[in-house]
Amino acid sequence: MQIYNTLTRRKEDFLPRDPGKVSMYVCGPTTYNFIHMGNARAFVVFDTLRRYFLYKGYKVHYIQNFTDVDDKIINRAREEGEDPIRLAARYIDEFFRDMDALNALRADVHPKVSEHLEEIIGMVSLLIERGHAYVVDGDVYYSISSYKDYGKLSGRSLEDMQAGARVEVDTRKKHPMDFALWKTAKEGEPSWDSPWGSGRPGWHIECSAMSRKYLGDGFDIHGGGYDLIFPHHENEIAQSEAATGKPFARYWMHNGFITINQEKMSKSLGNFFLVREVLDKFAPETVRFFLLSAHYRSPLDFDDEKLASAGRGLERVKNCLRLLAEAARGAVRDKVSGADAELLALLDRRRQEFESALEDDFNTALAIGVLFDAVGDINSYFHSAGRDEGPCGEVVSGAMSLLEKFNSVLGFFRSGPGGKIMLDSGNGEEELAGGLIDLIIKIRQEARSKKDWATADSIRNGLKDLGIVLEDTPQGVRWKKQV
RNA sequence: GGCGACAUAGCCAAGUGGUAAGGCAGAGGACUGCAAAUCCUCCAUUCCCCAGUUCAAAUCUGGGUGUCGCCUCCA
């Protein structure tokens, strides 16, 4: 597999540190609010990458942190009169609600800053010992001048940064770009005891400390949004490599932004859409499909019309799944004809194309194209060969299994044991509704048999207004929920 | 100011040297009582512009133009 590595600015062959195993660390959210679509993109992209490694048979160790100690959390908590750690914990629950809806698998570990002070303090101490950090009035700063490779990820030099520094210069710092590893506690803030007094960690050190704890030195993939390259990831590298003397993450992957009217969606610009707002209007599979429909490094412009277009496209895939499910329920033929064998061979080729697409820097857009090609192949088959002689059992199960394989990576649809796709959640209420709809359809069929088209159409239109679409086919009547 | 990315049909989007995937929308046809779904056909002589390299360029080089991003919390 080839992966574009931000560190080297080119695609490289992906060779895991330990054969057969992949270690990944993805920067999670600062939990002071619900997550927005931009956050979701990063998490869905890396979830899908992880799923692809699993599909390929790798054992994946996937870590995603929560920043639950931070200025913004503290400020928010103050405004709402709530304990900061509790507020953060609440938004962690909300994070899971959103990401579960988007069918993202839980990480193996979701470490929190508030539970890793020991590791963080240990790493800060190590940096001081090694001369890469200094203490000023209870604050600890990382000295970027002490680390010769500072700037290697973002491609900037110390000189550039001095020239571009527009931030107020703290005269206690040795270099204007030196950053805080540890901050002295202010009144009313969460704080922990440390060798430098009571305080709390700076932002960047948590990822260095926690990734090391769970993945060790030189783990495989570190991911996050483009905006984390500088300073966050640059600083992580500086901290980790200076502290351990060993190379940090081997492959750095960064996803592009979600934009609104071509402008970056961000909390600070205020032009963001919360995941749950979007999920009120669009199905989760549509949202996930949309997020994967462009290459992960490209910007992705968001608006309702684009989501709607994505939803209509996904409907094609759903229709094909319904067709296959229906065929599997009906009578199938054992004998494998020439047309059957032809389709099976074609689908095997699609499987290979799907994999090559993802092997090339994780090109989900291309992989989705292959999915649509496969859907077209299957539909054509049912239109001709499968229809004339009845569907072949091997074809039906083979086609379904292919789409399930694709889905195990793309994760559009929820799946049960063995990756079986479940289009409807199937709770009791839905069963009841389904029974009622079947009954109404039966009554309508009686009207149709008497050529009472007025009644038949009135029933169909009435159901449509309720969001139930009927399809009269030679094989009988099908119904589904409207998109 | 420094650094970097991108520019492909009405819309979204893949494609890094060999003659433009896929989706949405649209047109025609098949099927249907009519629809829906599905199938078939059509829909960029051309990839922001101008030069250049090459037998061959959307793809490489140079120069423009435009848009966006990072340099400050941000996925």
key: Sub-4.5 Å side-chain heavy-atom contact between M253(A) and T6(A)   = no

task = Check whether the ring centres of Y251(A) and H222(A) lie less than 6.0 Å apart, and answer yes or no.
result = no

message = Does C70(B) have OP1 or OP2 under 4.0 Å away from a side-chain N or O of R156(A)?
response = no

query = Where the side chain of R316(A) is defined as all heavy atoms beyond and including C-beta, which of A75(B), A37(B), C24(B) is the nearest nucleotide?
reply = C24(B)

request  = Check the distance between A14(B)'s P and F354(A)'s CZ and give it to me in whole angstrom.
outcome  = 16 Å

inquiry  = So R312(A), base contact, sugar-phosphate only, or nothing? Heavy-atom distance under 4.0 Å.
reply    = sugar-phosphate

key: Watson-Crick/G-U partner (both atom distances under 3.5 Å) of C24(B)   = G10(B)

key: Between P of A5(B) and CG of N255(A), the distance in whole Å   = 17 Å

message = Output the rounded distance in Å from NZ (K480(A)) to C1' (U38(B)).
response = 10 Å

query = Reckon K451(A) has a side-chain N or O less than 4.0 Å from the OP1 or OP2 of C34(B)?
reply = no

key: Pair partner, U38(B) [Watson-Crick or wobble, under 3.5 Å]   = A30(B)

task = Just call it for M265(A): base, sugar-phosphate, or nothing, with non-hydrogen atoms closer than 4.0 Å on any strand.
result = base

query = At under 4.0 Å between heavy atoms, what does S298(A) touch on the DNA or RNA strands: base, sugar-phosphate, or nothing?
reply = sugar-phosphate

message = Any heavy-atom pair between the side chains of F14(A) and V22(A) that's under 4.5 Å?
response = yes

request  = Remember a base hit wins even if backbone is also touched, and classify K306(A) as base, sugar-phosphate or nothing at under 4.0 Å, heavy atoms.
outcome  = sugar-phosphate

message = Once you apply a heavy-atom cut-off of 4.0 Å, does L470(A) come out as touching a base, just sugar-phosphate, or nothing?
response = base

message = Is it the case that G4(B) (base atoms only) and R9(A) (side chain only) share a donor and an acceptor within less than 3.5 Å, ignoring hydrogens and angles?
response = no

inquiry  = Expressed as a whole number of angstroms, how long is the span from R444(A):CZ to C34(B):C1'?
reply    = 10 Å

Donor-acceptor pair under 3.5 Å, N363(A) side chain vs G15(B) base = no

query = Just checking L371(A): base, sugar-phosphate only, or nothing, at a heavy-atom cut-off of under 4.0 Å?
reply = nothing

inquiry  = Under 4.0 Å, counting only non-hydrogen atoms across every strand here, what does H295(A) touch: a base, just sugar-phosphate, or nothing?
reply    = sugar-phosphate

Interatomic distance, N39(A) CG vs A75(B) C1' [rounded to whole Å] = 5 Å

request  = May I ask you to check whether Y55(A) and Y52(A) place their ring centres under 6.0 Å from each other?
outcome  = yes

inquiry  = Taking the ring of Y62(A) and the ring of F46(A), is the distance between their centroids below 6.0 Å?
reply    = no

query = How is S268(A) classified with respect to the nucleic acid when contacts are heavy atoms under 4.0 Å: base, sugar-phosphate, or nothing?
reply = base

inquiry  = Classify D472(A) by what it touches in the nucleic acid, base, sugar-phosphate, or nothing, heavy-atom distance under 4.0 Å.
reply    = base

inquiry  = Give me the distance, rounded to whole Å, that separates C42(B) from G33(B) when you measure between the P atoms they each carry.
reply    = 28 Å

message = Taking atom types as they are modelled, would you say the side chain of D227(A) forms a donor-acceptor pair with the base of C73(B) within the 3.5 Å cutoff?
response = no

task = Kindly say whether the aromatic ring centers of Y25(A) and Y214(A) come within a distance under 6.0 Å.
result = no

Sugar-phosphate, base or nothing in reach of G256(A), heavy atoms under 4.0 Å = base

key: F372(A) ring over G23(B) six-membered base ring, under 5.5 Å and 30°   = no

message = Applying a 4.0 Å non-hydrogen cut-off, can you work out what R448(A) is touching in the nucleic acid: base, sugar-phosphate, or nothing?
response = base

query = Reckon T473(A) has a side-chain N or O less than 4.0 Å from the OP1 or OP2 of C31(B)?
reply = no

request  = Name the nucleic acid region contacted by G38(A), choosing base, sugar-phosphate or nothing; use a 4.0 angstrom heavy-atom cut-off, strictly under.
outcome  = base

key: Any N379(A) side-chain N or O less than 4.0 Å from OP1/OP2 of C39(B)   = yes

request  = Answer with base, sugar-phosphate or nothing: what part of the nucleic acid does F290(A) contact at a heavy-atom distance below 4.0 Å?
outcome  = nothing

query = Is the ring centre of F219(A) less than 6.0 Å from the ring centre of F248(A)?
reply = yes

task = Starting from C1' on C71(B), measure out to CD1 on I144(A) and report it in whole angstrom.
result = 13 Å

